Amino acid sequence: MKEQLAKIEREALETITKAADPAALDELRVKYLGKKGELTAVLKQMGKLSAEERPAMGALANEVRAALEEAIESTAQKLAASALEARLKAEAIDVTVPGKAARQGHKHPMYRALDEIKDIFVGMGFTVLDGPEIELAELNFDRLNAEEGHPSRDWSDSFYFDRDARVMLRSQTSPMQVRAMDSMPLPIRIIAPGRVYRKDEIDATHSPMFHQVEGMVIDKHITMADLKGTLNLLAEELFGKGTVTRFRPHHFPFTEPSCEMDVQCHKCGGVGCPTCKGEGWIELLGAGMIHPNVLRMANIDPEEWSGWAFGMGLERTAMRRFKIADLRLIFENDVRFLEQF
Ligand code: PHE
């Protein structure tokens, strides 16, 4: 029995210390120390020994068991340590490898122009409003003094949602004038940028969707001089000191008098060239003094209050601001074009 125990100890210690992984180690533990294990089998024979032999054998068997348990424990620790080391090695990050640079985009030139416009007006105490692109014809037309039958309401010009032509894609940002009058206390100074929609074919200067910036002031003693002063300042801030503007008489149902503002072509200085299509001037916006009917419909007394409004084409402004020749470039979003700004 003594030899048996010695043999088990020798064999077990050798194989245990060589166990390749925790699973193999566990198998060995079962093989030697388990219920049906080799050491257990020997211990079961203990009963056959004489009373004199038993204590010495028992002590020896316990020593062997302790030795095996200790070997299993220390091997388990070694395996865990080397597993951790292997994992650390596998998951190591080489901080010296060059990183993948994140490509940073930038603002679209039209929105850069819009940011500049907003800055200029916010600096003069204006509030920036946002409003719906799906609009009531009542606000897009009726409340702007363009009643039933007015040519601008034609089905061939605007996108309507219903047969009664009550709901539409706004054809201008001017309904924001009405929304401001209905919701804000006087005096009012607002701009309202946004998308507008018209049934136009796409070409170098037209698109069925484009952007406008509406502007409006209502206060006491507001005159056309305030309008011209503000718009001249806008032109100089946007396009540079000394930018020359021109105001031409025009007609809009919701302003009286009405005008259009042109800026002198930056390329030819007004002589006429391909950029301004020989005109010498580039049309930028429509404007005028708010029609008394429009004020009255908003319950504002035109005897006490007066105001001006303008609506400028944002694409056009960005084209002039960044010297872009074709409107389509603004929408196509070709990165090779956009990267130039
Ligand atoms: N809404 C007009 C247009 O789209 C522009 C405009 C706005 C004119 C405000 C006068 C006052 O052409």
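Everything numeric here is computed off the predicted structure, so don't read it as measured data. When a ligand or atom number is given, it counts from 1 through the structure's own listing order.
Every protein residue with a heavy atom nearer than 4.0 Å to ligand 1 is included here: Q172, S174, Q177, R198, Q212, E214, F252, F254, T255, G286, A287, A309, F310, G311.
Partners of K18 under the salt bridge (charged side-chain N to carboxylate O under 4.0 Å, His left out) rule, at least two apart in sequence or in another chain, are E14. The side-chain hydrogen bond (donor to acceptor under 3.5 Å, both in side chains) search around H108 returns N333, not counting sequence neighbours. Listed by chain and residue number, K7 satisfy the salt bridge (charged side-chain N to carboxylate O under 4.0 Å, His left out) test with E11 (two or more places apart in sequence, or in another chain).
Classification of D326 and R328 as a salt-bridged pair holds, one side-chain N sitting under 4.0 Å from a carboxylate O. Here E214 does not pair with R170 in a salt bridge; the nearest charged N to carboxylate O distance is not below 4.0 Å.
Taking the ring centre of F239 as origin, the terminal cationic atom of R320 falls inside the region bounded by 6.0 Å and 45° from the ring axis.
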